[in-house]
Amino acid sequence: MKEKYFPKEIEAKWQKRWAEEKTFEVTEDPSRPKFYCLEMLAYTSGRAHIGHVSNFTIGDALSWYKRLRGFNVIHPFGWDSFGQPAETAAIKDGTDPEKFTRDAIAYMKWQFQRMGISYDWSREVATCDPEYYKWNQWFFIRMFERGMLYRKLSPVNWCPKEDISLSNEQASGGVCWRCSTPVIQKELMQWFARITDYADQLLDGLTTLEGKWPDRVITMQRNWIGKSLGAHVKFDIPECNESVTVFTTRIDTIFGANAIVLAPEHPLVSSIVEGKRYGAEVLAFAEKLRAEQRGGRAEELEKQGIFTGGHAVNPFNGERIPIWIANFVLIQYGTGAIMAVPSGDQRDFEFSRKYGLPFRQIKLTDDGREIPAEELDAADDGWTTTVNTGEWSGLSSEEANRRMTGYAEEKEIGKGAITYKLRDWGVSRQRYWGTPVPMIHCGECGIVPVPDAQLPVVLPKGVNLRVEGGSPLDHVPEYVNVTCPKCGGPARRDTDTMDTFVDSNWYYFRYCDPHNDERPFDPEKVAYWLPVDQYIGGIEHAVMHLIYTRYWTKVMRDMGLVKFDEPVSRLLTQGMICKETYQCPNPDHDWLFPEQVTAEKTCSLCGRPVNVGRVEKMSKSRKNAVDPIEMIEIHGADALRLFVLFAGPPDKDKEWSDTGFEGAARYLQRVWRLARKWVDRKPGQLETGVEMNVHSRKLRRRTHQIIKRVTENLEERLHLNTCISSLMELTNEIQAFDAEVDKQQAATPAEAAVAREAIEALIRMLTPFAPHIAEEMWEAYGHGSSLAQSQWPGFNEDLAREEEIEVAVQVNGKLRSRLFARAEATEDELREKALADDKVIAAAAGREPNKVIVVPRKLVNVVFK
RNA sequence: GCCGGCGUAGCCCAAUCUGGCAGAGGCGCUGGUCUUAGAAACCAGUUGAUGAGGGUUCGACUCCCUCCGCCGGCACCA
């Protein structure tokens with residue numbers, strides 16, 4: 001063992017050895033329990049960032065731990081390598097997305113390998129490989145055959161900057177999820193997946209994930225699915241012989257309806273305004289509202305509407321109410337039409353106030369009063385008691401809701417209905433760098449899948465990406481022009497590519513059988529490894545990725561490929577690594593790198609005092625990013641990993657600190673020095689009966705206590721930061737022990753044995769956090785094989801038990817004294833000792849205590865009135 | 001507006017789930033040992049109305065209620 005710790009040397013050595021010995025490559029082994037540890041595949045942006053380190057080290061710590069506990073651990077990795085950014089970058093540089101992506105993979109893989117994560121690289125998958133996306137196409141065809149995929153003309157969200165269609169999720173808030181450009185609408189033929197068929201299953205499945213997935217992810221998915229129970233009610237429009245159906249969750253408030261409000265895009269608008277005096281104005285106004293909504297952020301728009309001139313009849317009371325168009329009614333949700341009840345719905349309230357529509361009170365307040373409609377200052381959407389609702393007056397809102405739904409069904413004017421916010425998933429993209437849709441359009445036969453034997457449909461090379469209009473693939477005749485597989489006539493290939501979320505739906509199934517060229521995977525292999533035992537990734541995937549992959553799993557189950565409902569047993573969303581920012585008041589200097597800021601917190605360029613900004617997510621633009629490779633160069637991967645894990649709980653945001661990082665490196669050096677000092681001392685036997693001195697007994701006790709604590713912290717919750725602090729504690733104990741021994745001439749064999757037990761336990765427990773240094777020390781301690789073949793240290797409860805304990809003595813709940821007792825002291829013993837305490841006797845002043853509370857091993861509380 | 005997270009020492013954070021002496025670990029700072037000096041290393045030291053108020057309890061950082069502050073997500077979903 002070298003005198004000094006040289007992380008670079010050690011890390012290179014073990015990374016090489018692990019690769020050569022295929023230490024982390026695994027195969028199915030039914031005789032051992034399996035553990036599937038998965039980190040989200042990396043997008044091939046071209047460069048590793050600190051978020052990767054955080055993500056991987058959490059998973060790696062758990063993988064190592066489970067490996068040492070005897071599990072057969074699969075820990076694979078891969079690349080999310082299709083998608084728009086590569087295409088945009090290629091257009092910019094005039095190169096090819098494939099080259100850009102391959103270069104990115106090569107470089108990032110090198111970066112990731114320097115982190116020394118225990119991946120089974122033999123299972124590596126890149127989604128842009130034809131060997132992979134072939135199976136996207138295979139799934140696409142199977143789903144088409146099952147009616148799970150269909151085409152429809154649909155307005156798509158379109159990012160004018162990237163020239164790409166976006167899913168609803170990607171256009172959330174009316175802006176592109178990547179570049180924040182306001183999204184516009186375009187009408188295109190699109191492929192859709194019927195995820196709504198699985199809405200209830202996706203919702204119900206969430207119940208089984210409670211306690212295993214973060215609450216907020218479950219909540220976000222529930223909100224996303226947005227199941228809502230209510231009713232459809234039909235309002236006749238006698239003047240044009242039509243009817244309009246609204247969706248409402250509060251049919252019990254229908255007597256308070258003062259208008260029907262349609263979305264500007266509602267198909268009935270044109271027939272309602274036909275022949276009306278101001279019809280043209282209404283249509284123009286509707287068009288204006290639609291245009292405004294394109295700007296996105298509907299929530300920021302003021303409520304605006306216009307009376308169409310038409311009227312509908314309330315089927316419950318025969319009342320004639322006006323039909324309006326307004327911007328706050330969404331065409332995508334429900335039926336695109338509502339009944340406005342201003343006393344029961346805040347939006348309707350605001351709308352009615354603005355346009356002077358009449359109010360009617362149709363229910364009591366919570367405390368049973370009836371407020372006159374004109375005195376209302378806000379809508380009340382509570383469930384109370386109905387009034388002024390004809391034969392349903394005086395019922396509870398719930399009861400009225402039920403009975404009135406029943407009445408509507410009876411009279412055939414409506415029926416109970418369930419509505420979801422979730423909409424079918426648009427999987428078409430009109431770009432180049434994605435999985436080609438394996439479909440052929442034939443004038444004679446319609447849509448015909450490419451025969452399985454001809455898969456994959458390979459993305460053509462050398463395509464001009466700078467085309468105006470449509471997809472770049474439209475402009476490649478040799479790709480587009482094909483013969484129909486059915487009739488042999490001339491046909492046209494579908495030029496859409498797939499949303500990259502298709503790629504990430506099932507990549508972790510492929511890891512189980514990554515080189516299979518006959519099937520997407522062998523179901524038996526998947527049955528062995530899946531479900532994923534622990535998935536670790538960013539919160540940004542809470543809805544899209546994690547709902548699509550749950551959906552895909554259920555479809556695969558229905559295809560007979562898998563036997564479970566939920567693919568991910570446990571989910572952890574890691575926190576971000578943040579850092580403070582510096583900004584110079586001079587706008588030319590703006591954000592500064594830390595090295596541009598002087599010790600006095602002034603700008604090194606102009607000398608002005610800088611604004612020290614909040615601690616926030618690292619980003620290039622704010623110049624607060626820390627480059628992992630630079631950090632590895634300074635103190636090594638082990639120190640970087642240790643710091644990131646030590647900075648805080650895995651699921652919480654953490655703050656980067658240069659001095660903290662140095663502290664991690666210093667800690668490893670300290671462990672190294674201690675280990676080296678004891679490595680050559682011959683240990684004696686640690687059998688019972690051997691006499692031991694006080695410091696030896698103490699170190700043994702602390703060793704076993706800390707093994708116990710670290711084990712529990714790893715098993716019960718992934719509080720890796722407290723595991724590391726426990727290891728530091730053990731290190732401090734060993735150091736104190738070492739100092740004791742130094743006072744003597746030489747260590748006794750018994751002392752050497754105690755030290756060895758402690759140090760070897762420390763080494764093994766350090767493995768999940770700093771595997772390279774652990775391996776190196778383990779080898780130095782005479783172990784011939786990798787720690788991967790070793791075992792997690794066990795602990796002995798008897799040895800962990802304290803000999804003597806300190807017990808707090810309280811009087812009326814306030815700390816007044818302390819006493820020492822045997823660890824096994826009974827309640828009576830403790831009570832007696834406490835009552836004999838001077839301070840207690842003084843406080844008693846001759847009185848008898850009213851009560852004495854004894855918490856064994858902790859405290860005694862003597863209570864006087 | 002709704003939902004969630006956080007608030008403990010100069011700073012990052014433990015202890016909160018399961019009520020029991022507020023402090024494990026790290027950073028910083030101060031002093032010392034060593035050194036020509038510094039660095040490194042080691043040793044010693046260093047701090048508190050647990051955001052506020054109320055309740056339950058013998059006892060509250062922990063449980064309950066009402067607020068405040070910061071962060072994040074969702075948001076006209078009828």
Side-chain angles (χ1 to χ4, degrees), chain A residues 172-173 214-217 219-220 222-224 226-228 230 246-250 253 261 297-303 326-330 332-341 344-348 350-351 381 419-422 539-540 542-543 575-576 578 614-617 642-643 646-649 651-664 666-667 669-670 673 706 709 716-717 719 721-729 731-732 735 739 806-818 849-865:
Chain A
S172 166
D215 287 343
R216 59 177 174 156
V217 174
T219 307
M220 283 163 89
R222 280 214 173 99
N223 292 342
W224 189 258
K227 183 176 185 172
S228 186
V246 303
F247 174 72
T248 177
T249 55
R250 295 303 297 269
T253 66
V261 188
R297 283 178 294 276
E299 66 270 22
E300 285 174 17
L301 292 176
E302 199 197 326
K303 289 188 177 47
N327 58 349
F328 72 96
V329 178
L330 308 176
Q332 315 92 311
Y333 183 75
T335 60
I338 63 151
M339 60 178 201
V341 182
D345 183 288
Q346 189 60 26
R347 294 157 298 182
D348 300 344
E350 287 163 21
F351 184 71
D381 60 3
T419 300
Y420 300 87
K421 280 201 255 180
L422 183 72
I539 186 68
E540 66 272 22
V543 176
M576 293 179 302
C578 303
R614 283 194 295 111
V615 169
E616 55 193 309
K617 184 184 179 178
L642 194 71
F643 169 74
F646 181 58
D651 57 332
K652 297 287 187 313
D653 288 351
K654 288 161 286 272
E655 192 179 338
W656 177 266
S657 146
D658 289 327
T659 49
F661 175 47
E662 279 163 23
R666 206 152 49 218
Y667 169 71
Q669 273 156 12
R670 199 148 61 90
R673 273 198 309 273
I706 285 167
R709 202 158 75 209
E716 285 159 25
R717 41 190 195 169
H719 278 198
N721 53 328
T722 61
C723 292
I724 293 170
S725 62
S726 298
L727 295 182
M728 290 172 168
E729 217 178 324
T731 310
N732 293 343
Q735 205 160 310
E806 194 182 348
V807 173
V809 178
Q810 295 182 337
V811 174
N812 288 344
K814 298 229 160 40
L815 183 68
R816 287 289 179 260
S817 184
R818 295 159 199 282
N850 294 65
K851 208 180 202 179
V852 179
I853 289 129
V854 182
V855 183
R857 306 173 56 82
K858 295 261 164 119
L859 64 64
V860 181
N861 186 10
V862 187
V863 183
F864 297 101
K865 271 264 164 62

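Chain letters run A, B, ... following the sequence lines, proteins first, then strands; residues in each count from 1.
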Problem - Any strand: nucleotide that pairs with B:U46 via Watson-Crick or wobble, under 3.5 Å - result: B:G28

Practice task
Using only side-chain N and O atoms of A:Arg670, determine if any of them is under 4.0 Å from OP1 or OP2 of B:G26.
Solution key: yes

Problem - Flag side-chain contact, heavy atom, 4.5 Å: A:Ile338 against A:Thr248 - result: no

Handout entry: Nearest-angstrom distance, C1' atom, B:C42 to B:A49
Key = 37 Å

Exercise for the section: Could you state the atom-to-atom distance from NZ of A:Lys858 to C1' of B:C58 in whole Å? Expected result: 17 Å

Practice task
Using whole Å, report how far CG of A:Asn850 lies from P of B:G59.
Solution key: 12 Å

Practice task
In whole angstrom, give the distance that lies between atom CG of A:Asn861 and atom P of B:C58.
Solution key: 10 Å

Problem - A:Asn732 side-chain N/O to B:G25 phosphate OP1/OP2 under 4.0 Å - result: yes

Completion exercise
Out of B:C21, B:A78, B:A24, minimum distance to the side chain of A:Arg709 belongs to B:A24

Problem - Step-by-step side-chain contact (heavy atoms from CB on, under 4.5 Å) determination, A:Met728 to A:Phe646 - result: CA-CA 11 Å; A:Met728 290 172 168; A:Phe646 181 58; 3.9 Å; yes

Exercise for the section: Look at the side-chain N and O atoms of A:Arg673 and state whether any lies under 4.0 Å from the OP1 or OP2 oxygen of B:C42. Expected result: yes

Handout entry: Given B:C21, B:C58, B:A41, the nucleotide with the shortest approach to the side chain of A:Leu859
Key = B:C21

Completion exercise
If pairing means Watson-Crick or G-U wobble with both distances under 3.5 Å, then the partner of B:C70 is B:G5

Practice task
Would you mind reporting whether A:Arg709 and A:Thr722 have side-chain heavy atoms less than 4.5 Å apart?
Solution key: no

Exercise for the section: Sort out the partner of B:A41 for me: Watson-Crick or G-U wobble, both distances under 3.5 Å, none otherwise. Expected result: B:U33

Fill in the blank from the handout: With syn defined as a glycosidic angle within 90 degrees of 0 and anti as anything else, the base of B:A49 is syn

Exercise for the section: Under 4.0 Å between any heavy atoms, over every strand shown, what does A:Gln810 touch: base, sugar-phosphate, or nothing? Just pick one. Expected result: base

Completion exercise
Paired to B:G59 by Watson-Crick or G-U wobble criteria (both distances under 3.5 Å) is none

Exercise for the section: Select base, sugar-phosphate, or nothing to describe what A:Gly334 touches, counting heavy atoms under 4.0 Å on all strands. Expected result: nothing

Handout entry: Distance, rounded to the nearest Å, where A:Tyr667 contributes OH and B:A41 contributes C1'
Key = 17 Å

Exercise for the section: Pick the C1' atom in B:G25 and in B:C70, then give their distance to the nearest Å. Expected result: 26 Å

Handout entry: A:Arg216 side chain reached by A:Ile539 side chain, heavy atoms, under 4.5 Å
Key = yes

Practice task
Check whether any side-chain heavy atom of A:Phe328 lies under 4.5 Å from a side-chain heavy atom of A:Asp348, and answer yes or no.
Solution key: yes

Practice task
Using a 4.0 Å heavy-atom cut-off across all strands, classify A:Ser657 as base, sugar-phosphate, or nothing.
Solution key: nothing

Practice task
Specify the residue among A:Val807 and A:Ile539 whose closest nucleotide of RNA chain B lies further upstream toward the 5′ end.
Solution key: A:Val807

Practice task
Could you work out the separation of B:A14 and B:G5 based on their P atoms and round it to a whole Å?
Solution key: 15 Å

Handout entry: Which nucleotide in B:G25, B:C76, B:G73 has an atom nearest any side-chain atom of A:Met220
Key = B:G73

Problem - Spacing of the C1' atoms in B:G28 and B:C11 (rounded, Å) - result: 7 Å

Practice task
Can you figure out which of B:C21, B:G28, B:C58 approaches the side chain of A:Ala808 most closely?
Solution key: B:C21

Exercise for the section: Select one nucleotide: of B:G28, B:G25, B:C21, the one nearest the side-chain heavy atoms of A:Arg818. Expected result: B:C21

Practice task
Give the ring-plane orientation class for A:Tyr333 versus A:Phe247, where under 30° counts as parallel, over 60° as perpendicular and anything between as tilted.
Solution key: perpendicular

Exercise for the section: Kindly indicate whether the side chain of A:Thr731, heavy atoms from C-beta on, has any atom under 4.5 Å from the side chain of A:Arg670. Expected result: yes

Nucleotide N/O to protein N/O under 3.5 Å, stretch nucleotides 3-14 of chain B:
| unit_1 | atom_1 | unit_2 | atom_2 | d |
| --- | --- | --- | --- | --- |
| B:A14 | OP1 | A:Asn721 | ND2 | 3.3 |

Fill in the blank from the handout: By the Watson-Crick or G-U definition, both distances under 3.5 Å, B:G19 is matched with none

Exercise for the section: Please measure how far the P atom in B:C61 lies from the corresponding atom in B:G55, and state the result in whole Å. Expected result: 15 Å

Practice task
Please determine if a side-chain N or O atom of A:Gln735 lies less than 4.0 Å away from the OP1 or OP2 oxygen of B:A41.
Solution key: no

